[in-house]
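Down below is the structure, laid out as structure tokens.
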Amino acid sequence: MSEKKKIDIEYSQLDSERMRINVGPQHPSTHGVLRLEVEVDGEIVTDVVPHLGYLHRSFEKHCEYMTYPQIIPYIDRMDYISAMNNEWPYVMALEKMLDVKVPEKVEYLRVIVAELNRIANHQIAVATFGLDAGAFTPFLFYFRDREYIIWILEKLSGARLLYNYFRVGGVAGDVYPTFKEECHDVIAKVRKTNAEVMNLLIHNNIFIKRTAGVGILTPDVAINYGCSGPVLRGSGMAHDLRRDEPYSIYDRFDFDIPVGKGEVGVVGDCWNRNMVRMHEMEQSCRIIEQALEQMPMEGDVTAAIPKRIKLPKGEIYSRAENPKGELGFYIVSNGTDKPERLKARGPSFVNLSVIPEISKGYMFADLILILGSIDIVLGEVDR
Amino acid sequence: MGLLNKLDDPYEGGGIVLGKVEELLNWGRSKSDWYLHFGLACCAIEFMAMNASHFDFMRFGTIPRTSPRQADFIMITGTVTFKMADRIKILYEQMAEPKYVISVGSCSNSGGPYWEHGYHVLKGIDQIIPVDVYIPGCPPRPEAFEEGMILLQKKISRQAIFNKRKRLGTE
Amino acid sequence: MTAQEIFEKLRTEAGDAVIECVVQPSYDPFIRIAPQAVFDICHSLRDDELLAFDYLMSLSATDLGDDLGVVYHLYSTKWKHKLVVKTQVPKDNPVVPSVERIWRSADWHEREAFDLLGVRFDGHHNLIRILLPYDWEGHPLRKDYRTPETYHGMKV
Amino acid sequence: MLSEFGIVFLYFALGVGFVGIALVAAWLVRPSKPNPIKNSTYECGEIPIGDSWVRFNVRFYVIALVFLLFDVEIVFLLPWALVFKQLGWFAFVEMILFVLILAAGFIYVWGKGDLDWDKPRPYIAKLEDLVVGRKKPSKL
């Protein structure tokens with residue numbers, strides 16, 4: 001009797017056509033106006049093509065017409081979630097070119113304000129990441145706490161979101177009397193909420209099942225793609241400008257660089273990137289506390305601001321550790337008070353270019369999670 | 001039975017509310033209009049803070065809807081670039097009829113800080129879609145969002161549905 | 001290693017393709033190289049054990065009047081040193097070999113340089129506009145750029 | 001007096017009427033200004049690329065069949081469940097037999113693997129196939 005051939009058709013061998021879907025500019029979870037053209041086979045993502053430029057506001061063209069101090073509000077509007085950190089590399093570059101000596105009090109104030117903004121940025125990052133995974137409560141917890149931070153920054157600079165607070169050689173507004181107490185109790189609140197969200201969301205079994213082992217990015221691919229910030233540190237690479245290239249007075253504080261260790265899932269997956277952000281909030285609290293103790297209270301913050309800023313002819317590239325990664329400014333000056341060319345290297349723009357590599361083969365819902373774990377903001381991607 | 005003898009104090013124990021059908025319809029429409037959930041730029045972050053528990057945008061009866069088919073009004077929160085303008089035109093057309101537009105922030109009102117050299121920025125959303133309420137500010141404070149929302153509700157509740165002459169007057 | 005030592009090292013290897021090393025006040029020290037040797041020099045910059053520039057910080061294009069300049073900012077995560085490499089191409093045929101195959105982060109930076117300044121990178125797998133709409137004419141960051149009157153019927 | 005089926009018809013007419021009035025009233029009152037863009041499919045503000053009538057994987061069809069099968073089983077179970085007390089032992093055993101036959105079918109389908117869904121096959125990017133080789137370049 002002829003040997004009955006066992007027909008075992010593996011489902012994936014049955015070729016089915018692929019459908020192209022637009023996770024388009026108007027989508028609840030693209031963190032802004034980003035279009036992902038996704039090629040889907042059933043439910044498995046086979047290819048992702050990001051389309052950018054929906055928020056390209058011609059920032060670099062503006063820089064050629066604006067004088068140096070006038071550019072600071074435009075820089076705020078690049079990464080509008082952490083506006084204070086944006087201004088720092090730009091202002092440092094100008095101070096290095098003009099070699100302006102920044103008073104101690106201003107340096108401490110800049111560190112405190114930048115770290116507060118880093119906490120606010122990570123709060124939004126973890127909150128929207130929880131939203132992408134379907135958890136709504138951390139969003140409400142974190143936005144309630146972010147309001148406390150926003151009120152402090154509002155009392156300092158007058159604005160809630162886009163501060164225009166840094167000046168070359170100083171800062172705009174001085175410290176108000178109850179600044180230290182409010183910072184301390186905001187840090188206490190942030191720590192309490194972090195502890196709550198740690199076991200509410202981060203160690204929640206459903207969240208772990210959804211995010212562990214998804215979107216794995218190996219360190220050498222991350223470096224080659226130029227990733228930085230929590231995306232690179234989530235893959236186990238301890239590269240942080242505040243430690244490797246200490247700018248301003250970061251060498252006076254002792255804090256450690258959280259790195260994805262893979263307690264849950266694989267190193268370099270969504271869960272570890274998110275865990276790095278949670279730890280970084282704790283490290284920022286430590287930095288703020290040390291800065292508050294050592295901060296000299298006397299001295300005028302606007303003393304060292306030069307009246308007229310006219311840069312000598314030259315070029316400079318300065319970078320700083322933004323909450324989303326390494327923000328760099330390449331300024332070409334031709335001796336007048338307007339830059340000839342200013343190129344902004346935004347961390348979100350570079351981190352986003354990894355998406356096509358790390359989202360192949362996952363379910364469609366995981367693609368949304370991978371995008372949330374990269375934590376991009378479109379103002380910086382499209383500039 | 002003397003139902004109408006309580007005419008001068010209609011709510012005192014009577015439980016009967018007299019009014020036009022328009023007012024009833026407009027009351028229903030204005031107090032529960034859902035908006036199309038999408039954010040463009042910095043105003044969207046203020047809008048998220050607005051949606052969170054501290055400012056609680058939902059007390060105006062608004063629910064974020066992600067598809068234009070179920071949205072009553074659209075909030076343009078952020079800078080409108082040309083590449084995005086075509087998409088917003090499509091989204092606006094795909095919304096179901098009585099639809100309204102709130103333009104949030106000086107970027108979508110008039111191009112904002114990008115009006116002078118913004119070669120890729122649309123100078124004001126009213127060039128492509130009719131706008132009902134403008135909210136100034138860059139980004140506007142959440143309280144300004146609430147004022148914009150109240151203005152929209154006032155506009156909706158003043159609309160006349162059946163009386164053609166009145167509708168042309170107040171539109 | 002400072003820029004001068006790297007310059008000597010490259011000078012011995014690449015010969016005259018490495019034109020000069022400029023160290024001036026208020027300038028980041030940079031090395032100027034000939035455009036056609038970009039790929040080989042960058043390849044050796046990345047793979048050489050002593051240099052190990054495995055992190056391309058940023059690739060930017062600048063308009064230098066009658067030339068278009070391309071600037072590479074490199075960083076080494078191993079030796080923690082930085083380097084700036086510059087090259088210039090005439091404006092009428094601005095062609096630079098693409099380094100996309102050496103550092104993947106150059107892919108989008110080159111597309112943006114092409115989009116905003118019109119520098120063409122040959123060897124790039126899909127050199128199309130990245131920020132501006134695909135049917136936009138002109139390259140906005142050039143000094144002689146005149147913004148169009150209308151786009152899709154909307155006034156610019 | 002209305003017959004048994006008269007009541008069923010009345011019940012049916014009431015249902016259709018209730019839904020019909022609501023739909024017709026809505027159709028009368030709502031404003032309708034159709035235009036080509038409004039009627040096009042909504043895809044996040046984009047013009048859709050390609051169409052959605054593609055050849056799906058066959059597992060979606062198999063799952064639909066298996067669902068239909070067990071749905072019909074429930075339709076038979078429902079009336080029986082109402083009156084199985086009066087029907088006595090015989091009807092009870094008969095229905096259990098019916099359920100067992102279908103359970104055998106279910107086990108077969110499960111064993112054959114028609115029910116296990118498509119597992120994600122993550123592809124982890126390796127640097128070698130992305131960039132030019134890592135070996136030291138020959139003398140330039």
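The chains referred to below are lettered A, B, ... by the order of the sequence lines, with proteins before strands, and numbering in each begins at 1. All heavy atoms count here, side chains included; hydrogens, waters and symmetry mates do not.
Of the two parts of A:Leu161, only the side chain, counted from C-beta on, holds a non-hydrogen atom closer than 4.5 Å to a non-hydrogen atom of chain B. Contact annotation for A:Tyr54: both backbone and side-chain heavy atoms come within less than 4.5 Å of a heavy atom of chain B. For chain B, the nearby parts of A:Leu55 are the backbone and the side chain; heavy atoms of each come within less than 4.5 Å. Only the side chain of B:Leu91 comes within contact range of chain A, with heavy atoms under 4.5 Å apart. Of the two parts of A:Ile124, only the side chain, counted from C-beta on, holds a non-hydrogen atom closer than 4.5 Å to a non-hydrogen atom of chain B. When heavy atoms are compared at a cutoff of 4.5 Å, A:Leu131 does not approach chain B at all. Within the 4.5 angstrom heavy-atom criterion, only side-chain atoms of A:Thr128, from C-beta onward, approach chain B. Of the two parts of A:Arg57, the backbone and the side chain both hold a non-hydrogen atom closer than 4.5 Å to a non-hydrogen atom of chain B.
The backbone N or O of B:Thr66 sits less than 3.5 Å from a side-chain atom of A:Gln26, completing a donor-acceptor pair.
The choice from A:Gly53, A:Ala83, A:Gly32, A:Gly24 that makes the most heavy-atom pairs within less than 4.5 Å of chain B is A:Gly53. Counting heavy-atom pairs closer than 4.5 Å to chain A, the top-ranked of the candidates B:Phe55, B:Tyr119, B:Phe38, B:Phe82 is B:Tyr119. Comparing A:Glu154, A:Arg144, A:His27 by heavy-atom pairs within less than 4.5 Å of chain B, the highest count is held by A:Glu154. Residue with the most contacts toward chain A among B:Ala44, B:Pro113, B:Pro139, B:Gly39: B:Pro113 (heavy-atom pairs, distance under 4.5 Å). Among the candidates A:Phe59, A:Trp151, A:Tyr142, the residue making the largest number of heavy-atom pairs closer than 4.5 Å to chain B is A:Trp151. Contact count against chain A (heavy-atom pairs under 4.5 Å) is highest for B:Thr79 among B:Leu36, B:Val121, B:Thr79. Across A:Gly379, A:Ala127, A:Pro25, the residue that shares the most heavy-atom pairs under 4.5 angstrom with chain B is A:Pro25.
Counting only heavy atoms from C-beta outward, the side chains of A:His56 and B:Lys83 never approach each other to under 4.5 Å. Side-chain contact between B:Pro142 and A:Arg160 is present, with heavy atoms from C-beta onward closer than 4.5 Å. The closest side-chain heavy-atom distance from B:His117 to A:Met66 is below 4.5 Å.
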For A:Arg146 and B:Met48, run side chain to side chain contact (heavy atoms under 4.5 Å, CB included): C-alpha distance rounded to whole Å, both residues' side-chain angles, the deciding distance at 0.1 Å, then the answer. CA-CA 11 Å; A:Arg146 185 173 164 270; B:Met48 277 158 76; over 6 Å; no

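Across all their heavy atoms, B:Gly118 and A:Ser58 have their closest contact at CA-OG, 3.2 Å.
For the atom pair B:Cys42 SG and A:Leu378 CG, the distance stands at 11.5 Å (nearest 0.5 Å). Separation of atoms CZ (A:Phe139) and CG (B:Asn51) is listed at 6.0 Å; rounding is to 0.5 Å.
For B:His54 and A:Tyr148, the distance between ring centers is not under 6.0 angstrom.
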